Number of protein chains: 2
Amino acid sequence: MITHSQPYVRKDERRAMIAQAARELILENGYAALRTRDVAARVGINISTLHFHVPSKTALVALVAETTRDSFLAMLPPAPDPARPARVQLRAEAQAYRDSLRDRPELAACFMQLTQTSGIEPNVAAVLESFTRGWCQRYADILAIGQAQEVFRADLSPFPAAIAMTGALTAFGHRGSNGLEMFWPVFDEIERGFLAAPGKEESVR
Amino acid sequence: MITHSQPYVRKDERRAMIAQAARELILENGYAALRTRDVAARVGINISTLHFHVPSKTALVALVAETTRDSFLAMLPPAPDPARPARVQLRAEAQAYRDSLRDRPELAACFMQLTQTSGIEPNVAAVLESFTRGWCQRYADILAIGQAQEVFRADLSPFPAAIAMTGALTAFGHRGSNGLEMFWPVFDEIERGFLAAPGKEESVR
DNA sequence: TTCAAAATCAATCATATGATTGATTCATGA
DNA sequence: TCATGAATCAATCATATGATTGATTTTGAA
């Protein structure tokens, strides 16, 4: 018989292990191929043990959504601050996201794939949408701060601009996307479009 | 007994009906919930008739990918033309995509969802990726044309800019996205960032 | 040490799901 | 007309899959 690598783990920790295994499987095979048996096997527990900790597949998906959101939130830089340079904050925001793509690729992948369930799992959709809205709002806030600092164009519309930035960066979270080598070129290009025309009494940085 | 609404249809037409039904179901329930039985039921045919026309689920997914690509290609405006105004061409490109989101929402939805199967269906991934690359290239070409016409910034990098534009617009193809009311504000905001500084002799070196 | 609660497992159930088989119905050219 | 192939269907198979049941092992407080 197989010796369990992690026997008799506390419920909270076991649930975290289950969520992580599910995220990895979603990253590797896609949400459509997610099977409760495969999750249990990756954790190294019996299928009924999985059901003891997470009662149903619906609950598993909800758990994955919530913990993915929490992991993303934990990686965010400090909240937008009118007292700090906007370009520094904007770049820090993008850097945190890029780091997550490099270090925790399963997070963005799960985020993408769980949108598949939007039509049939409203609670999951709510988790994802509220995070997306909050994430976009951070960019909008930074852009507005940058306008006050006269770093960004006065005619910039922060919210559409934030949707554009987050939408463009989100494309790098897809599985089929060609790596991250275009991440900063794309960011730089968008940011350049946001900058105020140089030459006045403006002070960069 | 149920009277069949479409009895004895030719193979090509039947395959087109099957592909369309599959697309609609993917739009409604997500790729993960796609079942061959449901596709057959929506077409109004027996499950074995579906297998007669499309031998396996893998073949069905490939069919959906190819016909979705073809439908998208059919909606594209004329190819980029150095002789025509770049901003007009750029807007026409976005307009065609926006029209597709309004009139054929299942196309973008399928594109999204099938992209997520990249890891396990390489042939499908190839179809989608080649289209994505071609689509992005059209934007890059238009942007380069616009630079030659001195409509867009001389320091614009067409390819990163094209990735940014297509990535931002792609976000509107998601199911959970908040409708299309922000489509043109987002497009306008990005385009504004691409424009050359207005008329006054901005070539101050 | 004891024992109740927590955690785990083997076995199994009920249904879902992709696919097949063989008969049947329709279309069409000779 | 009628023979042939194309298209369709009812019935069924083999396996996958989410979930349950009841027994077993471990933990930790008294």
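Please read these numbers as outputs of a predicted model, since none were measured by experiment. In the text below, chain A, chain B and the rest are named by the order of the sequence lines, each starting its count at 1.
Results of the salt bridge (Lys or Arg N to Asp or Glu O under 4.0 Å) test with Glu93(A) over Arg84(A), Arg87(A), Arg138(A) single out Arg138(A) as the only residue that passes. Paired with Leu143(A) under the rule side chain to side chain contact (heavy atoms under 4.5 Å, CB included), one option of Pro158(A), Pro80(A), Pro160(A), Ser157(A) passes, and it is Pro158(A).
Between the CZ atom of Arg35(A) and the P atom of dA16(D) there is a distance of 11 Å, given to the nearest Å. Taking atom CD1 on Ile45(B) and atom C1' on dT25(C), their separation rounds to 16 Å, with Å as the unit. Between the C1' atom of dT25(D) and the CZ atom of Phe52(A) lies a distance of 13 Å, rounded to the nearest Å. Between His51(B) atom NE2 and dA10(D) atom C1' there is a gap of 15 Å when expressed in whole angstrom units. Atom C1' of nucleotide dA11(C) and atom CG of Leu50(A) are separated by 17 Å, given to the nearest angstrom.
For Ile47(B), the side-chain atoms get nearest to dA19(C) when compared with the rest of dT17(D), dA19(C), dT8(C). Side-chain proximity of His53(B) to the nucleotides dG18(C), dT8(C), dA7(D) is greatest for dA7(D). You'll find that the side chain of Ser56(B) is closest to dA19(C), out of dT8(C), dC9(D), dA19(C). Comparing dC9(D), dT26(D), dA6(D) by their closest approach to the side chain of Tyr8(A) singles out dT26(D).
Sorted by first and then second residue, the side chain to side chain donor-acceptor pair (under 3.5 Å) pairs with a member in residues 34-50 of chain A read Glu24(A)-Arg42(A), Glu28(A)-Arg42(A), Asn46(A)-Ser48(A); sequence neighbours excluded.
Looking at residues 57-67 of chain A, you'll see that no heavy atom sits under 4.0 Å from any atom of DNA chain C.
When the nearest nucleotides of DNA chain D are assigned to Asp12(B) and Arg37(B) by heavy-atom distance, the more 5′-ward of the two goes with Asp12(B). In terms of position on DNA chain D, the residue among Asp38(A) and Ser48(B) whose nearest nucleotide sits closer to the 5' end is Ser48(B).
A close approach under 4.0 Å does not occur between any side-chain nitrogen or oxygen of Arg10(A) and OP1 or OP2 of dT27(D). For the OP1/OP2 pair of dA10(C) and a distance below 4.0 Å, the side-chain nitrogens and oxygens of Asn46(A) include at least one atom meeting the criterion. Between Thr36(B) and the phosphate of dT17(C), there is no side-chain N or O to OP1/OP2 separation shorter than 4.0 Å.
From Thr115(B), atom OG1 reaches atom OH of Tyr31(B) across 11.5 Å, with rounding to the nearest 0.5 Å.
Side chain to side chain, Thr67(B) and Arg23(B) meet the donor-acceptor criterion of an N or O pair below 3.5 Å. With no hydrogens or angles considered, no side-chain donor-acceptor pair links Gln95(A) and Arg98(A) at under 3.5 Å.
Counting any heavy atom pair closer than 4.0 Å across all strands shown, Leu34(A) reaches sugar-phosphate atoms only and no base atom.
A donor-acceptor contact shorter than 3.5 Å links the side chain of Gln147(A) to the backbone of Arg153(A).
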